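Working notes, structure below.
In listed order, ligands and their atoms are each counted from 1. Please read these numbers as outputs of a predicted model, since none were measured by experiment.
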Amino acid sequence: MRSINNAYAGLAGNYLFSEVARRVRVYKENHPEADVISLGIGDVSQPLVPAVIEALHKAVDEMGRAETFRGYGPEQGYAFLRQAILEHDFLARGVSLDADEIFISDGAKSDVGNFQELFGEDAVIALTDPVYPVYEDSNAMAGRAGVHANGRWSRIIYLPCTMENGFRPELPTERPDVVYLCSPNNPTGTVLDRDALTAWVEYARANDTLIMFDAAYEAFIRDDAVPRSIYEIPGADEVAVEFRSLSKTAGFTGLRCGYAVVPKKLKARSSDGKTLLLHDMWLRRQCTKYNGCPYIVQRAAEAAFKEPARTQMRAVLAVYQSNADMMLDACAKLGIQAFGGVHSPYVWLKTPGNMDSWSFFDLLLEKAAVVCTPGVGFGACGEGYARLTAFNTPELTRAALKRLENVLS
Ligand code: MLT
């Protein structure tokens with residue numbers, strides 16, 4: 001028999017969104033007439049904005065002419081895009097970084113899943129519960145999560161995010177090597193304000209803990225006082241890696257582009273005492289295993305950081321924000337407790353009548369042909385919750401909410 005990575009044998013079931021998709025497929029096979037509306041996976045419904053399409057066309061034409069054709073690009077991403085990101089996402093908000101600390105990729109999911117390759121086998125990982133499953137699964141695949149039982153891994157430190165603590169993770173009592181934070185949060189839709197983030201940065205500095213900060217949903221923040229980047233907190237560039245995505249902000253879920261910020265101040269030590277920079281390790285990893293995001297996609301992404309795309313994208317975000325408002329209103333009308341949805345495209349609701357998450361999922365699918373994401377799929381603390389996404393069209397969101405009202409009132 002071939003030798004395999006045994007960690008895969010210990011993985012729990014399917015990847016969450018594949019399992020949801022499988023159940024929806026089975027439902028559609030049994031109900032071919034059903035007109036299913038998805039408020040499940042966070043996939044966008046609005047097309048790319050005109051300025052991004054224009055940049056794509058232009059780049060495609062360049063690829064068809066010998067004098068402007070491009071082959072392999074720099075593994076870290078083209079300088080034009082790194083510079084546009086630096087200016088728009090950081091310098092404009094008073095954060096000083098070097099363009100060389102920005103690594104372009106095909107999306108935040110790959111980066112956040114791959115980055116753990118840099119951690120030691122015995123690194124102790126802390127995760128919020130509920131959590132975006134990629135953080136947990138990718139560490140489990142690497143064999144550093146221990147044994148899985150009752151929805152939890154034995155070597156992972158879980159930081160419960162519950163209604164009682166306002167879905168904010170408390171600082172761990174046992175020191176982790178790495179902690180994953182996501183704000184605005186997937187799945188709870190809540191945010192970490194400046195004080196909360198400052199406490200995490202101070203904790204990380206005092207305990208030599210690395211923060212993996214997922215800011216994929218920062219564009220949904222409506223209040224300027226809420227940090228969009230962890231680097232708005234002094235000292236964070238010595239303890240945090242940040243991940244960003246164009247998927248939800250610019251409609252790139254199909255086109256694929258994201259980036260990771262790995263500051264040069266982030267140090268790590270090998271077991272034989274050598275000091276390494278995480279920046280250099282990540283560069284080495286990317287150069288070895290990745291040939292970069294396509295040129296035409298990077299040109300489209302560059303446009304997305306500039307006018308007139310910014311104005312066009314704001315109008316698209318407003319559509320999703322108004323969907324989220326509709327969802328919060330509908331929950332209030334039904335007497336359902338709902339969280340998030342203000343600085344986030346996700347509404348996290350408490351299932352009525354203490355129904356378990358999968359029963360609620362089945363009820364919505366069977367009786368309303370509406371798909372949600374069961375909260376327990378994000379972790380044990382998500383049991384009794386469900387997540388709705390605001391990324392569908394306003395028409396279908398309205399129709400889905402009407403069906404929910406009919407089933408639940
Ligand atoms: C989600 O629904 O949580 C997201 O679409 C997942 C992702 O971005 O990978």
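- Of the candidates F17, Y15, Y132, Y132 brings a heavy atom nearest to atom 7 (C) of ligand 1.
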Might you work through the salt bridge (charged side-chain N to carboxylate O under 4.0 Å, His left out) test for D177 and R175, ending with a clear yes or no? CA-CA 7 Å; D177 293 293; R175 176 197 164 268; 3.1 Å; yes
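- Remark: ligand 1 atoms within the under-4.0 Å shell around heavy atoms of K248 are 4 (C), 5 (O), 7 (C), 8 (O).
- The shortest separation from a heavy atom of I41 to ligand 1 is under 4.0 Å, placing the residue in contact.
- The shortest N or O to N or O distance between K109 and ligand 1 is not below 3.5 Å.
- Side-chain rings of Y385 and F378 stay apart, their centers remaining 6.0 Å or farther from each other.
- Not one N or O of F378 is nearer than 3.5 Å to an N or O of ligand 1, by distance alone.
- Each of the following atoms of ligand 1 lies closer than 4.0 Å to a heavy atom of N186: 1 (C), 3 (O).
- A ring-centre distance under 6.0 Å is not found for Y217 and H343.
- No part of F391 comes within 4.0 Å of ligand 1, judged by heavy-atom distances.
- Close placement of the F220 and F391 rings is indicated, their centers lying within 6.0 Å of each other.
- Geometrically, R285 does not engage Y290 in a cation-pi contact, judged by NZ or CZ lying under 6.0 Å from the ring centre and within 45° of the ring axis.
- The minimum heavy-atom distance between M212 and F119, with the atom names listed, is SD-CZ, 3.7 Å.
- Listed by number with element, the atoms of ligand 1 under 4.0 Å from a non-hydrogen atom of G42 are 1 (C), 2 (O), 5 (O).
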